[in-house]
Asks: 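Right, I'll just put the structure down here and ask away after.
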Amino acid sequence: MHSRTRRPQFFYTTTPLPCPYLPGRTERKIVTELSGNESEALHDRLSRAGFRRSHNIAYSPVCPGCAACIPIRVRAQDFEPNRTQRKLWARNADLDVRVTPARATAEQFALFQAYQQQRHTGGDMAAMGFYDYRAMVEDTPITTGLVEFRNAEGKLLGACLTDWLSDGLSAVYSFYAPEEERRSLGAYAVMWLLAEARRSALPYVYLGYWVPESRKMAYKSSYRPAEVLLRGQWRPLEDSEA
């Protein structure tokens, strides 16, 4: 009999850096590489454990003395939009939504740059060139696509880099035309992913980290019913708010 030796999975801790969400705090992450034939299965397991993906790296915050970043996922099959979300869905009914391969284009990059310059001036991503953007989109060892949102004239208004998991969809990064603020395309992208997960009989949409203390990250709790990962178990969001 022959037994196959599995390659060990190594995890590393990053050096401390300023927290991107909460001023005055320090961020550290635990990271591991996604590579080889087991990448999809490993990414699935790590996603269920609260990890996120960037390029071919999976990471999770391990910040000393801080637990502000809480993994959150929405139960797609049970999602019930509120009144504001129903209006938003109707407002964007004219959009043509296309799922494309994870391939960077000049059109996407121009929109990405406009979004960064308007919404995240001074941030690290605002300084990204085309090759940096292409690496963000294309350096993926798992099933990944770009969900594009176009108007009736075919103009690209928004995009959402998305990972396909065995138990759901994972929203990696969204960007959109800053002049289309009334459309709330970031929120619409989440709703579209929820509808797509439901059509595909996938139970969850993973939204990354909910940070109640951060205004730009607190919005994720508006999609219900949601679950958060606390002390190693996924629990209904309502339980954590009690």
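Source: prediction; values computed, not measured.
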Asks: Between Thr32 (side chain) and Ala58 (backbone), is there a donor-acceptor pair under 3.5 Å?
Replies: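 No, Thr32 side chain to Ala58 backbone: no donor-acceptor pair under 3.5 Å.
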Asks: Could you tell me whether a side-chain N or O of Arg150 sits under 3.5 Å from a main-chain N or O of Asp96, the two making a donor and an acceptor?
Replies: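 No; judged by distance alone, with no hydrogens or angles, the pair does not exist.
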Asks: Take atom CG of Asp94 as the centre, draw a 6.0 Å sphere, and report whether it contains more than 12 heavy atoms from other residues, nucleotides or ligands.
Replies: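 For Asp94, atom CG is crowded (more than 12 foreign heavy atoms under 6.0 Å).
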Asks: Please tell me whether Glu179 and Gln118 have a donor and an acceptor in their side chains that are separated by less than 3.5 angstrom.
Replies: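 Per modelled atom types, Glu179 and Gln118 side chains form no pair under 3.5 Å.
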Asks: Assess, by modelled atom type and distance only, whether the side chains of Tyr59 and Arg52 contain a donor and an acceptor separated by less than 3.5 Å.
Replies: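 The criterion, which ignores hydrogens and geometry beyond distance, is not satisfied for Arg52 and Tyr59.
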Asks: Between Lys216 and Tyr21, is there a donor-acceptor pair closer than 3.5 Å when you use the side chain of the first and the backbone of the second?
Replies: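 Flag not set: sc Lys216 to bb Tyr21 has no pair under 3.5 Å.
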Asks: Looking at Leu156, is its backbone amide N or carbonyl O close enough to the side chain of Glu148 to form a donor-acceptor pair, meaning the two atoms are under 3.5 Å apart?
Replies: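 Side chain of Glu148 to backbone of Leu156: no pair is present.
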Asks: Is a side-chain donor or acceptor of Ser174 paired with a backbone partner of Gly186 at a separation under 3.5 angstrom?
Replies: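 The answer is no, because no donor-acceptor pair under 3.5 Å joins these two groups.
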Asks: Do we get Arg199 above Trp192's six-membered ring, with its NZ or CZ under 6.0 Å from the centre and within 45° of the axis?
Replies: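 Flagged: Arg199 positioned over aromatic ring of Trp192.
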Asks: Give me the atom names and distance for the closest heavy-atom approach of Pro61 to Cys69.
Replies: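 Heavy atoms of Pro61 and Cys69 come nearest at CG-CB, 4.0 Å.
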Asks: Go through Glu180 and Lys155 one step at a time and tell me if the salt bridge (Lys or Arg N to Asp or Glu O under 4.0 Å) criterion holds.
Replies: CA-CA 12 Å; Glu180 297 286 343; Lys155 180 182 178 182; 5.7 Å; no
Asks: Of Tyr176, Phe109, Tyr133, which is the lone residue that meets ring pair (Phe, Tyr, Trp, His ring centres under 6.0 Å) with Tyr115?
Replies: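 With Tyr115 as partner, Tyr176, Phe109, Tyr133 yield a single ring pair (Phe, Tyr, Trp, His ring centres under 6.0 Å), made by Tyr176.
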Asks: Quick one: does Arg28's side chain have a donor or acceptor within less than 3.5 Å of a partner on Thr14's backbone?
Replies: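 Side chain of Arg28 to backbone of Thr14: a pair is present.
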Asks: Report yes or no: does Ser54 contribute a side-chain atom to a donor-acceptor pair with the main-chain N or O of Ile57 at less than 3.5 Å?
Replies: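 No; judged by distance alone, with no hydrogens or angles, the pair does not exist.
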Asks: Could you tell me if the side chain of Ser170 sits less than 4.5 Å from the side chain of Arg53, heavy atoms only?
Replies: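 The answer is no; the side chains never approach within 4.5 Å.
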Asks: Using every non-hydrogen atom in the two residues, find where Ala76 and Arg198 come nearest and quote the distance to one decimal.
Replies: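 Ala76 and Arg198 have their closest heavy atoms at O-NH2, 3.3 Å.
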Asks: Which pair of heavy atoms, one from Trp234 and one from Ser47, lies closest together, and at what distance?
Replies: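 Smallest interatomic distance, heavy atoms only, reads CZ2-O, 4.0 Å.
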Asks: So do the side chains of Arg48 and Tyr206 get within less than 4.5 Å of each other, counting heavy atoms only?
Replies: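 A side-chain contact under 4.5 Å exists here.
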Asks: Show the nearest heavy-atom pair for residues Leu161 and Thr144, with the distance to one decimal.
Replies: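 Heavy atoms only, the tightest pair is CD1-CG2, 3.7 Å.
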Asks: For the backbone of Phe175 and the side chain of Arg119, can you confirm whether one donor and one acceptor N or O come within less than 3.5 Å of each other?
Replies: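 Such a contact is absent between Arg119 side chain and Phe175 backbone.
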